[in-house]
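A short worksheet on the structure shown next.
Starting from 1, each residue takes its place in the sequence as its number. Note that these values count all heavy atoms, side chains included, but never hydrogens, waters or copies made by symmetry.
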Amino acid sequence: MFVLNKQFISTQLLFKLHKTYIKATRIFLPMSGGRGLKKEIGLKSLIIIGISSAVATAIFFSPLEMSAVAGPGSMFSWLLGIFFYIMISITYIELSQNYPEAGGPSRFSIYSHGAVTNLINAMADLVWYIFIPPIEAFATIEGLSFIFPSLLFNGVPTIEGAIVGVLLMLGYIPFNYYGVKTFAKVTSAFGIIKYIIYILPAFLLLFVYYNPANLTAYHGILPFGVSGVFAAMPYAMFAFGGARVIPDLAEEVKNKAYLIYALIITVVTEGIIYLFFNFVFLTNLDWSKIGVTAGNWGGLSHVQGNPFIDLAYDHDAQIALILLLIGGIIGPFLTGYVYMGTGSRVLFASARSGFVGNKMLELHEKYAIPYWALIVFAVVGSAIAFLFAPVPSIYGLISDATVAGYIGFATNPVALLVLRKQGATNYKVTGGSIIAPIAFMASGLIVFWSGWPAVPYSVVILAAVSGVLGVIGKVKEGLAESLWYMGYIAFLTFMTYIGSDGALNLINYDMSTIIVALVSLLVFYPLGIVQGLRQRNFEVHKEATSNQESEEEQK
């Protein structure tokens with residue numbers, strides 16, 4: 001009995017000391033009128049925000065590029081993408097229920113593996129986020145170029161187009177500046193209109209021209225085999241990645257249970273919409289009008305501009321054309337400003353972890369948004385929009401963003417199991433121990449399938465940013481626990497180098513895919529779990545929990 005009482009007293013003492021430590025450090029936390037980020041996003045708004053983020057640029061551009069490498073097999077790529085991202089979303093669900101933080105997916109690994117792993121993870125996420133608004137701006141320019149041809153030359157923005165891109169980036173700021181409540185209301189209203197403008201013209205195109213023979217007449221439904229289905233996957237997974245904004249807003253949601261419903265509904269809904277649009281593209285394709293020989297699927301990669309706008313114009317579908325022009329301009333704009341807002345939360349999360357300046361933690365006195373993080377994010381994004389405009393096509397930026405995004409995601413399934421081992425998990429999803437390795441394998445495959453040179457290009461950017469910030473911030477905590485992650489990134493880069501679409505072409509595509517899948521599951525996934533921290537990292541956890549504890553104490 002004495003032993004039990006002693007243990008009880010020790011536990012209570014530790015708990016009180018921890019609470020005292022939290023209160024003592026609360027003075028250093030960002031506050032807005034004595035409070036933190038405001039919980040003002042409801043379920044309906046969260047779902048619309050999620051779908052609005054996911055259904056944008058990719059709905060117009062992914063079907064064309066996916067058909068160029070997979071033909072009608074691109075339909076299977078979307079189906080596989082739905083399965084993969086549901087697995088990914090379930091890991092987000094468990095982690096965000098236990099750690100409902102702003103930019104949460106960029107923080108989970110600091111609890112499971114320490115600062116070094118989290119630095120690489122967070123910077124990969126930032127590369128993903130910082131590339132998306134310029135991509136959406138370029139997509140808007142693609143739509144505007146139908147009216148103002150001088151914005152593009154040979155499919156890439158001119159100096160004039162680049163300037164318009166910068167103006168669009170700056171135009172995203174007001175939609176995020178006036179608080180998350182205003183952000184949610186505006187996005188909900190525009191999001192509903194956006195869905196109508198997107199889906200209605202797709203149906204109209206089917207009424208104007210419908211050629212189901214395209215699905216089977218030219219080398220069958222799998223003209224490039226299963227390899228083509230895999231090669232098309234990165235463009236599908238770029239599209240599904242939009243659901244990531246939901247857990248990034250976790251700290252501003254009225255009820256964290258909303259994250260569960262919003263994630264699943266968003267992934268399933270966007271999957272259905274993307275499947276439909278891909279079907280419309282394939283069956284609405286008139287080869288003679290786009291200047292490509294019938295059945296030459298690979299020739300589609302040379303088609304420039306927004307393919308759905310071109311289809312409507314070629315078929316003289318005036319109503320569909322008008323709606324698609326509106327959608328092609330407004331739709332990406334909405335997604336761009338949503339990503340800028342949630343990207344600023346990732347920057348905010350990185351400041352919580354100590355990787356960027358404390359200025360990024362400051363909240364607006366009235367609107368309770370991380371306004372310095374928003375401004376910095378907008379400035380850097382504008383620079384990318386201007387400097388990168390003449391260099392890659394929109395598809396190049398999509399590939400680079402996809403690689404960075406899924407390198408960043410790879411830590412989360414591993415973190416899920418490590419945190420369970422630590423006993424730091426209150427909410428557990430059923431089958432999580434099976435779902436997590438599938439999600440981890442999926443992230444590695446998406447990176448590998450993105451191919452050469454997208455993988456090394458993104459890895460070099462990631463290494464440079466992480467290295468500079470790591471040296472400046474003297475980040476070294478958890479170095480030993482990060483070796484599996486750095487090794488995994490190196491392994492994926494090496495496989496793209498020697499694979500069939502890499503520089504050496506030593507191993508065929510299917511065999512390379514099998515190797516990546518097996519090594520991911522049998523080597524790096526268990527290694528990541530073994531190298532996880534033995535105890536939860538309270539020292540860095542205090543900043544994310546103290547605002548919530550403060551609110552609970554005031555109630």
Side-chain angles (χ1 to χ4, degrees), residues 25-38 99-111 115-116 118-133 169-170 172-180 183 244-245 247-252 337-384 404 408 461-462 464-475 477 539-548:
T25 56
R26 192 168 291 157
I27 188 172
F28 300 108
L29 298 174
M31 291 289 168
S32 175
R35 302 179 70 85
L37 296 166
K38 294 182 179 179
Y99 300 90
E101 306 176 18
S106 299
R107 286 270 292 175
F108 301 145
S109 63
I110 203 166
Y111 309 134
V116 176
N118 187 233
L119 172 63
I120 302 170
N121 162 210
M123 293 309 104
D125 289 344
L126 271 176
V127 171
W128 158 271
Y129 264 106
I130 210 75
F131 271 35
I132 303 299
M169 291 290 299
L170 297 177
Y172 296 156
I173 296 176
F175 291 88
N176 291 284
Y177 188 80
Y178 295 102
V180 72
F183 165 83
R244 153 74 196 258
V245 305
D248 281 320
L249 293 169
E251 201 167 332
E252 295 161 279
Y337 81 69
V338 170
Y339 262 96
M340 180 173 286
T342 49
S344 68
R345 269 63 175 180
V346 174
L347 193 55
F348 178 79
S350 298
R352 271 180 168 169
S353 297
F355 304 141
V356 295
N358 287 335
K359 204 75 174 173
M360 302 303 106
L361 288 172
E362 292 186 12
L363 299 182
H364 193 283
E365 185 68 24
K366 179 178 180 181
Y367 300 119
I369 59 107
Y371 65 101
W372 275 112
L374 176 64
I375 292 169
V376 170
F377 195 91
V379 170
V380 175
S382 297
I384 290 174
I461 294 175
L462 174 58
V465 175
S466 300
V468 170
L469 291 178
V471 171
I472 293 174
K474 298 180 181 179
V475 180
E477 185 262 330
E539 183 179 355
V540 292
H541 187 54
K542 65 179 186 295
E543 298 183 70
T545 58
S546 53
N547 284 347
Q548 296 170 26

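Using a 4.5 Å cut-off on side-chain heavy atoms (C-beta onward), Asn121 and Pro105 make no contact. Within the 4.5 Å cutoff, no side-chain heavy atoms of Ile369 are placed close to those of Tyr178. With contacts defined as side-chain heavy-atom distances shorter than 4.5 Å, the pair Asp125/Arg244 qualifies.
Put simply, CZ on Phe348 and CD on Glu251 are 6.0 Å apart, with the number rounded to the nearest 0.5 Å. Atom CZ of Phe108 sits about 7.0 Å away from atom CD of Glu101, to the nearest 0.5 Å. The structure places CZ of Phe183 at 6.0 Å from CG of Leu249, a figure rounded to the nearest 0.5 Å. Here the OH atom belonging to Tyr177 is positioned 10.0 Å from the NZ atom belonging to Lys366, to the nearest 0.5 angstrom.
Considering only residues two or more places apart in sequence or on other chains, Ile472 meets the side-chain contact (heavy atoms from CB on, under 4.5 Å) condition with Val468. Residues forming a ring-ring contact (aromatic ring centres under 6.0 Å, His included) with Phe355 (at least two apart in sequence, or on another chain): none. Listed by chain and number, the residues in a side chain to side chain donor-acceptor pair (under 3.5 Å) with Asn176 amount to none (sequence neighbours excluded). For Leu347, the side-chain contact (heavy atoms from CB on, under 4.5 Å) partners two or more places apart in sequence, or in a different chain, are Leu126, Val356, Met360, Ala373, Val376. Residues passing the side chain to side chain donor-acceptor pair (under 3.5 Å) test with Tyr129 are Asp248, sequence neighbours excluded.
Contact between Arg107 and Ser353 at its shortest, heavy atoms only, is NH1-OG, 2.9 Å. Taking every heavy atom of both residues into account, Leu363 and Gly36 meet most closely at CD1-C, 3.7 Å. Nearest approach of Ala124 to Ala404, heavy atoms of both residues: CB-O, 3.4 Å. Minimum heavy-atom separation, Ala102 to Ala349: O-CB, 3.5 Å. Heavy atoms only, all atoms of each residue included: Gly470 and Leu119 are closest at CA-CD2, 3.6 Å.
Side-chain atoms of Asn118 come within 3.5 Å of backbone atoms of Ser106 as a donor-acceptor pair (strictly under, hydrogens ignored).
For the side chain to side chain donor-acceptor pair (under 3.5 Å) condition, the pairs that include at least one residue of residues 337-348, sequence neighbours left out, are Thr187-Tyr337, Glu252-Arg345. Listed by first and then second residue, the salt bridge (Lys or Arg N to Asp or Glu O under 4.0 Å) pairs involving residues 367-381 amount to none (not counting sequence neighbours).
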Going through the distances and angles, do Phe377 and Val346 end up as a side chain to side chain contact (heavy atoms under 4.5 Å, CB included)?
CA-CA 10 Å; Phe377 195 91; Val346 174; over 6 Å; no
